[in-house]
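Since the structure comes first, as structure tokens, the remarks are kept for the end.
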Amino acid sequence: MSDDNSRLLEGIAYFEKMLKLMPGDRTTLECLSLAYEQIGDAEKLRAALIQLAGALLQERDQAPAEAIGARLATYPDAEAQAMAKRVRETFHGPEIEAPSASSAPADAEAPLDAEVPVARAILGAVKAEAALIRFLSNRNVVDPAAAEMVQKHLGGLPEATRPFLVSALSILYKESTSMGERAAAFIADSTGMPPIPLDAFTPSPDLLKRLPENLIRVRGVVPFAKLGDLLLVAMLNPSDEAFRREVERRAGGRCQFFLAHPLMAEEFLEKLDAGQEKAG
């Protein structure tokens, strides 16, 4: 058994235990659905998707609920069909009008360039990470000395000739694991975006093509899986709302965001490099 498969099975065992403790927990069901799909367990995947659809309906989170409902509609059994029907009726029954497909926002944003130059990606990252460390310092999550250290690091970045990871959270982890863990927990709680075990996933070239490579490498933003039409994306700084909107625009659809652990994000990018070298 490969290391990736072994980690995946360990992850499944962990999340199955979590589901017993927290029945109907959305994040746990999302992770299990992805894991069951990766190991090819169709029956467990079907059951997890049905439970996940129910959790999404409780939250009235329309886009992901409809994405899961569309998948369930492809199953022939009565239970899956009933849940798919429930999703459709919840959001498209007589009491709720579906938005007009022809209506466009009056202040539509300007189109984005397909590619992002390295210097522009790094400049955007530095501004966002500086804002994040100020936020963490103002909330007393990190001490002033640590915040100043991160600011100095960000302000002293060299002239860029190639993309490299720019992350306040990564700097904090390397300075102090406990401080990094405290900051990550606060970010996850304040944004409502849970951490995701990226080491359980293998880079998908098709998903990674949805975003410019320089953004992936500099901002640590990783499209790691799909649930129907919903793209699942891990980020080192999910508190950056403007960047989340940019990611959705570039990806061409609705995204569900998660917090990426810096070490796992770096390992994921190393897997990407290894895959590219092997392909080359």
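This is a predicted model, so every value here is computed, not measured. Positions are given from 1 along the sequence.
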Mark yes or no for whether [X], through its side chain, and [Y], through its backbone, hold a donor-acceptor pair below 3.5 Å.
X: Glu129; Y: Leu154; result: no
X: Arg244; Y: Pro238; result: yes
X: Thr74; Y: Arg71; result: yes
X: Gln81; Y: Ala73; result: yes

Worked check of side chain to side chain contact (heavy atoms under 4.5 Å, CB included) between Leu198 and Phe224: CA-CA 8 Å; Leu198 267 182; Phe224 63 91; 3.8 Å; yes
Using every non-hydrogen atom in the two residues, find where [X] and [Y] come nearest and quote the distance to one decimal.
X: Ala184; Y: Leu259; value: O-CD2, 3.3 Å
X: Val87; Y: Ala65; value: CG1-O, 3.5 Å
X: Ala53; Y: Leu72; value: CB-CD1, 3.9 Å
X: Leu8; Y: Ala200; value: CD1-O, 3.8 Å
X: Asn214; Y: Ala121; value: O-CB, 4.2 Å
X: Ala67; Y: Leu227; value: CB-O, 3.6 Å

Atom OH of Tyr75: over 12 foreign heavy atoms under 6.0 Å: yes
Verify the neighbour count for atom CD of Glu148: are there more than 12 heavy atoms of other residues, nucleotides or ligands below 6.0 Å?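 12 or below, so no.
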Does a side-chain N-to-carboxylate-O contact under 4.0 Å join Glu266 and Arg217?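 Judged by the 4.0 Å cut-off on N to carboxylate O distance, Glu266 and Arg217 do not form a salt bridge.
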Should the pair Lys20-Asp25 be classified as a salt bridge under the 4.0 Å nitrogen-to-oxygen rule?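 Salt bridge between Lys20 and Asp25, a charged N being under 4.0 Å from a carboxylate O: no.
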Value rounded to 0.5 Å, distance of [atom1] in [X] from [atom2] in [Y]:
X: Thr28; Y: Leu19; atom1: OG1; atom2: CG; result: 6.0 Å
X: Leu172; Y: Ile133; atom1: CG; atom2: CD1; result: 4.5 Å
X: Arg120; Y: Leu215; atom1: CZ; atom2: CG; result: 9.0 Å
X: Leu169; Y: Leu263; atom1: CG; atom2: CG; result: 9.5 Å
X: Asp229; Y: Lys226; atom1: CG; atom2: NZ; result: 5.5 Å
X: Phe201; Y: Leu34; atom1: CZ; atom2: CG; result: 4.5 Å

Set of residues satisfying side chain to side chain donor-acceptor pair (under 3.5 Å) with respect to [X], sequence neighbours excluded:
X: Asp77; result: Arg46
X: Tyr36; result: Glu16
X: Ser239; result: Asn237
X: Arg86; result: none

Evaluation steps, side chain to side chain contact (heavy atoms under 4.5 Å, CB included), between Val150 and Glu175: CA-CA 9 Å; Val150 174; Glu175 179 69 14; over 6 Å; no
Can you confirm whether [X] sits close enough to [Y] that some side-chain heavy atom of one is under 4.5 Å from a side-chain heavy atom of the other?
X: Thr90; Y: Arg60; value: yes
X: Ser33; Y: Phe15; value: no
X: Leu49; Y: Leu29; value: no
X: Ile187; Y: Leu136; value: yes
X: Leu230; Y: Ile68; value: no
X: Pro163; Y: Glu213; value: no
X: Ile171; Y: Tyr173; value: no
X: Leu232; Y: Cys255; value: no

Residue pair Val141, Met179: steps toward the side chain to side chain contact (heavy atoms under 4.5 Å, CB included) verdict: CA-CA 8 Å; Val141 178; Met179 185 164 47; over 6 Å; no
Same cluster for Ile216 and Leu123 if Ile/Leu/Val/Met/Phe/Trp/Tyr side chains link at under 4.5 Å? no
Listed partners of Asp41 passing salt bridge (charged side-chain N to carboxylate O under 4.0 Å, His left out), at least two apart: none
With sequence neighbours left out, the residues meeting salt bridge (charged side-chain N to carboxylate O under 4.0 Å, His left out) with Asp240 are Arg219
Would the Phe135 and Phe186 ring centres measure less than 6.0 Å apart?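 Ring-ring flag for Phe135/Phe186: true, centres closer than 6.0 Å.
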So Arg26 and Asp61, side chain to side chain contact (heavy atoms under 4.5 Å, CB included) or not? Walk me through it. CA-CA 11 Å; Arg26 170 180 177 165; Asp61 199 345; 2.8 Å; yes
Are side-chain N/O atoms of Gln62 and Arg254 paired as donor and acceptor at under 3.5 Å? no
